[in-house]
Amino acid sequence: MENTKDLTEHSSRSERKRRDSFGMFDGYDSCSEDTSSSSSSEESEEEVAPLPSNLPIIKNNGQVYTYPDGKSGMATCEMCGMVGVRDAFYSKTKRFCSVSCSRSYSSNSKKASILARLQGKPPTKKAKVLQKQPLVAKLAAYAQYQATLQNQAKTKAAVSMEGFSWGNYINSNSFIAAPVTCFKHAPMGTCWGDISENVRLEVPNTDCSLPTKVFWIAGIVKLAGYNALLRYEGFENDSGLDFWCNICGSDIHPVGWCAASGKPLVPPRTIQHKYTNWKAFLVKRLTGAKTLPPDFSQKVSESMQYPFKPCMRVEVVDKRHLCRTRVAVVESVIGGRLRLVYEESEDRTDDFWCHMHSPLIHHIGWSRSIGHRFKRSDITKKQDGHFDTPPHLFAKVKEVDQSGEWFKEGMKLEAIDPLNLSTICVATIRKVLADGFLMIGIDGSEAADGSDWFCYHATSPSIFPVGFCEINMIELTPPRGYTKLPFKWFDYLRETGSIAAPVKLFNKDVPNHGFRVGMKLEAVDLMEPRLICVATVTRIIHRLLRIHFDGWEEEYDQWVDCESPDLYPVGWCQLTGYQLQPPASQSSRENQSASSKQKKKAKSQQYKGHKKMTTLQLKEELLDGEDYNFLQGASDQESNGSANFYIKQEP
């Protein structure tokens, strides 16, 4: 009968555990890999490593305990919450650490009701109860065992950690990172929710030398993109063991996950004896606290599924002749970024990188449909396994009405220079294509055959009406060789017999993007688009961002749209397994500066050196966004300000 009663109680307890949405305390009760039931001893023996038989003898309440020979699991007292060696517990079922706990178990219905209310549930007659009671001294023996293991680990783990650390970089300089919600194209960008400081998580307990992985509760002290500075519960204002981690990692869970998964919750060794009753402490600390959504890890996984696959064929800009496209094949996909290899590349080294949402890539047949120049492949038929990418996978552009007043050849405007992304230049519309696409050239730098014209959509955030730079106090780069300085649009239009593109044709929407000056992020170097670097937002003009690469001179800054798929939250590279480039050292800056200056002087109709892919990647920037607000001094909110763009007539 006694065994039957124990089994009934265990079954009822397990059912309540599954229903317990708070989950925290059952998780603590399962601090053993064995869940204090004799029926789970088999599982315990599989999950818990054997303990040495020579551990010290200790005394507890007048009783003497030793660690048994062979394998031994851990158990948790269902009365006081004491965690200890299973074989040292009282009774055959090992549910209690002492006789007094066993007798007190049934006399605490009132406290059970209080706990139930804290968990947001109506109390039940058979609810588990907790009693304030000191931690049993049996932990002392196991603590000594932990200390021995930790000393051994220190001798093995004396490896200096080299390389860049976002956490150290942010902490040492008090930097602020752009929030994940600024990056709609990045994993979790649209479903990040209200994750913020003080959110509680269940994370691996690294301040513990148990032979199995155990967990503890930690709170977010500071957020930096995907990375969070965490502090274990119980450390209060002590930051000594604070640590950074990527909260989209596989070992980060919402409170209650341990209870549902049967994983142990063990307090850090440093504060193990700080509180006499950890359960009561956690009830107080966690009541009303926020945690991650239960399906957080599932959402992370789903947001990192990408529709583009290797062997898909696309049309993409020819990096040697920007005015035309070529067929390329997806070689690999990392975090939504594509390594594309031109179809005619026999050794598969003629490649470049761009994001799957880049406006640089299109479905097969796109060039013909809009009248864009296209280089026919020498390959007469598809290679085995290659197939055309479905058209619906590509980024959609806003539909425009070209039937009324529209852009015309010869109209002047301002545009980001794809050969020098830090400048906005005087430009001309050279050809009007279908579906709102335009071919544009930079005045004074165009090749005679037009091979360096580049294609933008009319809604591109990288083309601007005449006067944009003046109104927003940006230096406008005049045409090469133009000597009548300072440059004035009114004089230039009169001298060239040109007209400015109507302001109303430009898209003026500005999203509430959330970026602020000084925010840190990870950004593609559009001059070498396979590289993703540590970067900073240094200026914001409506939806246009000035991106500075940390450690480099300002001449390498780049103008980028706020919705560019080449900007990522801090921690994106770690999450996706992409290599992050740290801030440049002095020597690398000097070497790069010398080569860059030579390349700038040799700028011509064809991109050379590593800057070839700049144009492609820049065009990705230029074509990516859809909206722009041109009001001088406008905020992030939507506004109409076409009247603020004007040509100032001078006598």
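Note on Glu346 versus Arg348: no salt bridge recorded, every NZ/NE/NH1/NH2 to OD/OE distance being 4.0 Å or above. Electrostatic pairing of Glu344 and Lys375 counts as a salt bridge here, judged by a charged N lying under 4.0 Å from a carboxylate O. Ionic pairing of Lys398 and Asp509 is present here: one or more N-O contacts between side-chain nitrogen and carboxylate oxygen are shorter than 4.0 angstrom.
The aromatic rings of Tyr482 and Phe487 stand perpendicular to each other, their planes meeting at an angle above 60°, with 30° marking the opposite boundary. Relative orientation of the Phe437 and His362 rings is perpendicular, given thresholds of 30° and 60° on the angle between their planes. Note: Tyr578 and Trp572 have tilted aromatic rings, judged against thresholds of 30 and 60 degrees for the angle between ring planes. Between Phe464 and Phe468, the ring-plane angle classifies as parallel under the 30° and 60° cut-offs.
A donor atom on one side chain and an acceptor atom on the other are not found under 3.5 Å apart for Asp557 and Ser422. Side-chain contact, Glu414 with Trp489: a donor N or O sits under 3.5 Å from an acceptor N or O. Side-chain atoms of His542 and Asn472 form a donor-acceptor pair, as typed in the model, at a separation below 3.5 Å. Side-chain polar atoms of Gln574 and Trp166 form no donor-acceptor pair below 3.5 angstrom. Side-chain atoms of Glu555 and Asn420 include no donor-acceptor pair closer than 3.5 Å. Judged purely by distance below 3.5 Å, without hydrogens or angles, the side chains of Asp449 and Ser451 pair a donor atom with an acceptor atom.
The distance from atom SG of Cys562 to atom CG of Leu545, rounded to the nearest 0.5 Å, is 6.0 Å. How far CZ of Phe454 is from CG of Leu360: 12.5 Å, rounded to the nearest 0.5 Å. Note: Gln581 CD to Ile532 CD1 = 9.0 Å, rounded to the nearest 0.5 Å. With values rounded to the nearest 0.5 angstrom, Ile364 atom CD1 is found 12.0 Å from Trp366 atom CH2. Distance check, rounded to the nearest 0.5 Å: CD1 of Ile170 to CG of Asn227 gives 7.0 Å. Here Asn168 contributes atom CG and Asn173 contributes atom CG; the two are 10.5 Å apart, rounded to the nearest 0.5 Å.
Only one option out of Trp192, Tyr568, Phe515 pairs with Phe183 in a ring pair (Phe, Tyr, Trp, His ring centres under 6.0 Å); it is Phe515.
Put simply, the side chain of Thr536 never gets that close to the backbone of Lys520: no donor and acceptor are under 3.5 Å apart.
Geometric assessment of Lys319 against the ring of Phe352 yields a negative cation-pi assignment under the 6.0 Å and 45° thresholds. Note that Arg326 lies in the cation-pi zone of Tyr342, set by a 6.0 Å cut-off to the ring centre and a 45° limit from the axis.
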Apply the test salt bridge (charged side-chain N to carboxylate O under 4.0 Å, His left out) to residues Asp443 and Lys412: give CA-CA distance (whole Å), side-chain angles for both, the deciding distance (0.1 Å), then the verdict. CA-CA 9 Å; Asp443 285 22; Lys412 299 294 182 180; 2.7 Å; yes
Check against side chain to side chain donor-acceptor pair (under 3.5 Å), Thr349 and Asp347: CA-CA 6 Å; Thr349 59; Asp347 59 0; 2.8 Å; yes
Determine whether Arg530 and Asp525 satisfy the following criterion, salt bridge (charged side-chain N to carboxylate O under 4.0 Å, His left out), listing intermediate values before the conclusion. CA-CA 8 Å; Arg530 63 184 176 83; Asp525 179 359; over 6 Å; no
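Shortest non-hydrogen contact noted between Ile442 and Ala415 is CD1-O, 4.4 Å. Closest of all the heavy-atom pairs between Ala523 and Leu567 is CB-CD2, 3.7 Å.
Ring-centre distance between Tyr169 and Phe164: below the 6.0 Å cut-off. Side-chain rings of Phe407 and Phe506 approach one another, their centers coming within less than 6.0 Å.
The ring-ring contact (aromatic ring centres under 6.0 Å, His included) search around His548 returns none, not counting sequence neighbours.
Crowding of Glu495 atom CD: a count of heavy atoms from other residues, nucleotides or ligands under 6.0 Å exceeding 12. Counting non-hydrogen atoms of other residues, nucleotides and ligands closer than 6.0 Å to CD1 of Ile176 gives a total of 12 or fewer. Heavy-atom contacts from other residues, nucleotides or ligands closer than 6.0 Å to NZ of Lys408 number 12 or fewer. No more than 12 heavy-atom neighbours from other residues, nucleotides or ligands sit within 6.0 angstrom of CD on Glu475. Atom NZ of Lys222 sits in a crowded spot, with more than 12 heavy atoms from other residues, nucleotides or ligands closer than 6.0 Å.
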Could you pull out all donor-acceptor pairs under 3.5 Å where a side-chain atom in residues 308-316 meets a protein atom, sequence neighbours excluded?
from	atom 1	to	atom 2	distance (Å)
Lys309	NZ	Tyr306	O	2.9
Arg313	NE	Glu343	OE2	2.8
Arg313	NH1	Asp388	OD1	2.6
Arg313	NH2	Glu343	OE1	3.4
Arg313	NH2	Glu343	OE2	3.3
Glu315	OE1	Ser367	N	3.0
Glu315	OE1	Ser367	OG	2.7
Glu315	OE2	Gly365	N	2.7

